[in-house]
A.B. asks: 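Mind having a look at this structure? Questions to follow.
Remember, it's a predicted structure, so these values are computed and weren't measured experimentally. When a ligand or atom number is given, it counts from 1 through the structure's own listing order.
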Amino acid sequence: MIFRQLFEPLSSTYTYLLGCEETGQAVLIDPVVTMVERDLAELQRLGLTLAWSVETHLHADHITAARELKLRTGSRIAAPAFDRLPCADLGIEEARPFDVGSIRLQPLHTPGHTDGHFAYRLDHRLFTGDALLIDGCGRTDFQNGDADALFRSVREKLFALPGETLVYPAHDYQGRHVSSVAQERSRNPRLGDDRTLEEFRAIMAALDLPYPKFIDYAVPGNRQCGVCPESVPEHLRQYCTQITQSPQG
Ligand SMILES: [Fe+2]
């Protein structure tokens with residue numbers, strides 16, 4: 001399998017490119033609309049055809065590239081069935097494997113950051129979305145977030161996987177790329193093995209994070225699989241503008 005971890009700097013989002021070497025088909029997990037040109041160039045460079053984009057959840061901090069990629073390449077859109085997006089070609093459900101060529105993603109419903117959130121396991125790799133970040137986790141104060149549900153999702157579903165399973169998060173804000181289930185079990189300051197549910201609740205309640213600056217545009221835009229709302233104000237237009245890279249970039 002061909003595998004690339006791609007980074008979007010504005011929202012510090014990781015997009016994952018998975019390519020089947022036998023069929024030449026590819027999947028992008030959590031592509032970002034600003035990076036469409038980069039992603040298409042990467043697919044072309046690798047000789048892959050984009051078959052699907054797959055979402056871990058309804059993002060609040062960026063606009064998905066799913067719709068733009070579909071318009072540009074004819075790729076299809078897979079998103080959690082839970083969110084009932086009319087624009088999705090396929091609703092992802094727990095325990096129903098998602099196959100693209102020889103790539104098989106095992107969807108794991110992991111509510112808590114959002115109620116419809118999914119993680120995806122691919123053999124020894126685990127794409128954790130915002131349910132589990134390196135030494136952290138996604139916030140639980142919007143989009144039907146629920147600290148108790150996130151605690152259960154991570155401890156009962158993600159930490160139940162073999163310790164050597166590699167953890168690939170949807171974001172990292174400090175330049176880290178990958179972790180493992182064993183490392184997060186032992187070191188995650190919020191969700192590690194020695195934390196109790198009561199402690200986790202208190203940690204999440206005390207975060208006191210600012211209101212997400214793009215959420216009011218991102219969520220409705222992503223409910224349409226990646227439409228930038230007309231109402232996006234000037235100072236946030238960069239979240240909708242595709243980055244065109246220089247030949248060197
Ligand atoms: Fe998120």
A.B. asks: Could you tell me whether any N, O or S atom belonging to His171 is less than 2.8 Å from the Fe ion (ligand 1)?
C.D. replies: no
A.B. asks: Taking the Fe ion (ligand 1) as the reference point, name the nearest N/O/S atom of Asp130.
C.D. replies: OD2
A.B. asks: Would you say the ring centers of Tyr168 and Tyr14 fall short of 6.0 Å from each other?
C.D. replies: no
A.B. asks: With a cut-off of 2.8 Å, does His57 place any N/O/S atom under that distance from the Fe ion (ligand 1)?
C.D. replies: yes
A.B. asks: Is the distance between the ring centroids of Phe118 and Phe82 under 6.0 Å?
C.D. replies: no
A.B. asks: Hey, are the side chains of Asp146 and His113 touching, using non-hydrogen atoms and a 4.5 Å cut-off?
C.D. replies: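 They are not in contact (no side-chain heavy atoms under 4.5 Å apart), so the answer is no.
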A.B. asks: Hey, would you say the Phe214 and Tyr239 ring centroids sit under 6.0 Å apart?
C.D. replies: yes
A.B. asks: With a 4.5 Å cut-off on side-chain heavy atoms, are Glu94 and Lys157 touching?
C.D. replies: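 Yes, at least one pair of side-chain atoms sits under 4.5 Å.
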A.B. asks: Tell me whether the Fe ion (ligand 1) has Asp61 as a neighbour, meaning an N, O or S atom of it below 2.8 Å.
C.D. replies: no
A.B. asks: Measure from the Fe ion (ligand 1) to every N/O/S atom of His113 and report the name of the nearest one.
C.D. replies: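 When I compare the N, O and S atoms of His113, NE2 is nearest to the Fe ion (ligand 1).
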